[in-house]
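Comments concern the structure below.
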Amino acid sequence: MKKLAGLLILTIVVASCAGYTSPPRETWRTYLNGASMSDMTDAARVAKRPVYLGAGGRLVNDAISMPTASEYGDKITNDNIAAVQYMANLEFALYDALRKPGISVQRAGTDVVVILVRDAIMEMDVAEISADGADTLSTIAKILNKYDATFMEIAGYTDAMRDAHAAAALSGDMAMRTGVFLARNKVKTARMFIVGRGAARPIAAQDDIGRLTNRRIEIRIAPAR
């Protein structure tokens, strides 16, 4: 009996140390069915709205309780108040849960942006999500599932590379790999826009330290309305 208990504990320990492994690349499109492989522009969100609602999505006004008095005010003003309040709560939840090196939560107007430096969520020498990265992305997925009246753009970036095609491929791989992880953690793909932007939009110098910062995933979250 003791041997059996010891074997069970060993199995649990080994499983917990095994880490996360992405599914085969040829299955990614299946996992991401319903996601848009494009930028999350205002026009793209409007076009995607019927698909999102048809997949069980909800709007911010359906997700937040507004004071009764707001029913008699200007609709656009009330919608904006609801969105600001909802996204402020989301921002606080993410900020409070993601106090880790290489991760930041920022506000961009009504949107909330989570910046994940590549080395904070992926293995150093292979294109795979690390054990710490899986823990971080699981936390993000739980919060996204709680604040589900939102769209999200998952964008991959690299540092400056001589081969622009290689940069685009690498950044796209990072973005899709992250999207697959979130999809496997019950985040609806109808909410997702996925794009690889290569070396575009650097946020740091292209020196040795800055390159590590420019290799990143940005998850921009916008209210659905």
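Start at 1 with the first residue, then count along the sequence.
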Exercise. Using salt bridge (charged side-chain N to carboxylate O under 4.0 Å, His left out) as the criterion, list what pairs up with Arg201, not counting sequence neighbours.
Key: none
Exercise. Evaluate the ring planes of Phe151 and Phe193, with Trp represented by its six-membered ring, and classify them as parallel (under 30°), tilted (30 to 60°) or perpendicular (over 60°).
Key: perpendicular
Practice problem: Working to the nearest 0.5 Å, report the span between CD1 of Ile121 and CZ of Phe181. | Solution: 9.5 Å
Exercise. Go through the structure and list residues passing side-chain hydrogen bond (donor to acceptor under 3.5 Å, both in side chains) with Thr150, not counting sequence neighbours.
Key: Arg191
Quiz prompt | Spacing of CD belonging to Gln106 relative to CD belonging to Glu91, to within rounding of 0.5 Å | solution = 9.5 Å
Quiz item: Are the side chains of Met176 and Ile154 in touch, meaning some heavy atoms are under 4.5 Å apart?
Solution: no
Quiz prompt | Side chains of Leu53 and Leu59 in contact at under 4.5 Å (non-hydrogen atoms) | solution = yes
Quiz prompt | Of all pairs that satisfy salt bridge (charged side-chain N to carboxylate O under 4.0 Å, His left out), the ones with a partner from residues 31-54, not counting sequence neighbours | solution = Asp39-Arg197, Asp42-Arg45
Quiz item: Taking atom CD1 of Ile115 and atom CG of Leu98, what is their separation to the nearest 0.5 Å?
Solution: 12.0 Å
Quiz prompt | Derivation of the side-chain contact (heavy atoms from CB on, under 4.5 Å) call for Asn185 and Leu182 | solution = CA-CA 5 Å; Asn185 281 267; Leu182 295 178; 5.7 Å; no
Practice problem: Find out whether Leu90 and Ile143 are in side-chain contact, i.e. whether some heavy atom of one side chain is under 4.5 Å from a heavy atom of the other. | Solution: yes
Quiz item: Does a side-chain heavy-atom distance below 4.5 Å link Arg184 with Pro23?
Solution: yes
Name the atoms and distances for all side-chain donor-acceptor pairs under 3.5 Å in residues 134-142, with sequence neighbours left out.
from	atom 1	to	atom 2	distance (Å)
Asp135	OD2	Lys100	NZ	3.1
Thr136	OG1	Lys100	NZ	2.9
Thr136	OG1	Asp132	O	3.1
Ser138	OG	Ala134	O	2.8
Thr139	OG1	Asp135	O	3.1

Quiz item: When you look at Leu32 and Met37, which way does the side-chain contact (heavy atoms from CB on, under 4.5 Å) test go after all the steps?
Solution: CA-CA 9 Å; Leu32 296 175; Met37 301 297 164; 3.9 Å; yes
Exercise. Not counting sequence neighbours, list each pair that qualifies as a salt bridge (charged side-chain N to carboxylate O under 4.0 Å, His left out) and has a residue in residues 51-60.
Key: Arg58-Asp148
Quiz item: Are any of the side-chain heavy atoms of Met87 and Val60 separated by less than 4.5 Å?
Solution: no
Quiz item: Looking only at heavy atoms, what is the nearest atom pair of Ala222 and Asp111, with distance?
Solution: CB-OD1, 3.3 Å
Quiz item: Do Asn61 and Tyr86 pass the side-chain contact (heavy atoms from CB on, under 4.5 Å) test, and can you show the C-alpha distance, the side-chain angles, and the key distance before you say yes or no?
Solution: CA-CA 9 Å; Asn61 285 349; Tyr86 190 77; over 6 Å; no
Practice problem: Enter the distance from Ile217:CD1 to Ile103:CD1 here, rounded to the nearest 0.5 Å. | Solution: 12.5 Å
Self-check item: Between Arg225 and Asn80, a side-chain donor and acceptor under 3.5 Å
Solution: yes
Quiz prompt | Atom pair NZ (Lys188) and CE (Met152), whose distance is rounded to the nearest 0.5 Å | solution = 11.0 Å
Quiz item: For the residue pair Ala167 and Ala199, what are the closest heavy atoms and their distance?
Solution: CB-N, 4.3 Å
Quiz item: Is the side chain of Ser171 donor-acceptor paired with the backbone N or O of Tyr157 at a distance under 3.5 Å, no angle test?
Solution: no
Self-check item: Minimum heavy-atom distance Ala63-Ala149, with the two atoms named
Solution: CB-CB, 3.9 Å
Quiz prompt | Arg118 side-chain N/O to Thr158 backbone N/O, donor-acceptor pair under 3.5 Å | solution = no
Quiz prompt | Atom of Arg107, atom of Val84 and distance for their closest heavy-atom approach | solution = NH2-O, 3.6 Å
Quiz item: Side chains of Tyr147 and Asn89: does their closest heavy-atom pair fall under 4.5 Å?
Solution: yes
Quiz prompt | Heavy-atom check, side chain of Val114 versus side chain of Glu218, under 4.5 Å | solution = no
Quiz item: Are any of the side-chain heavy atoms of Leu116 and Ile219 separated by less than 4.5 Å?
Solution: yes
Quiz item: Looking only at atom types and distance, does a side-chain atom of Thr27 sit under 3.5 Å from a main-chain N or O of Thr30, one as donor and one as acceptor?
Solution: no
Practice problem: Find out if a path of hydrophobic residues (ILVMFWY) with successive side-chain heavy-atom gaps under 4.5 Å connects Tyr52 to Tyr31. | Solution: no
Quiz prompt | Pairing residues for Glu128 by the side-chain hydrogen bond (donor to acceptor under 3.5 Å, both in side chains) criterion, not counting sequence neighbours | solution = Ser22
Quiz item: Do Arg220 side-chain atoms and Met40 backbone N/O form a donor-acceptor pair below 3.5 Å?
Solution: yes
Quiz item: Considering all heavy atoms of both residues, which atom of Val195 and which atom of Ala175 are nearest to each other, and what is their separation?
Solution: O-CB, 3.5 Å
Practice problem: Decide yes or no on side-chain contact (heavy atoms from CB on, under 4.5 Å) for Ile221 and Leu94, but give the supporting numbers first. | Solution: CA-CA 11 Å; Ile221 309 160; Leu94 288 167; 3.8 Å; yes
Practice problem: Give, for atom CG of Leu144 and atom NZ of Lys186, the distance between the pair rounded to the nearest 0.5 Å. | Solution: 14.5 Å
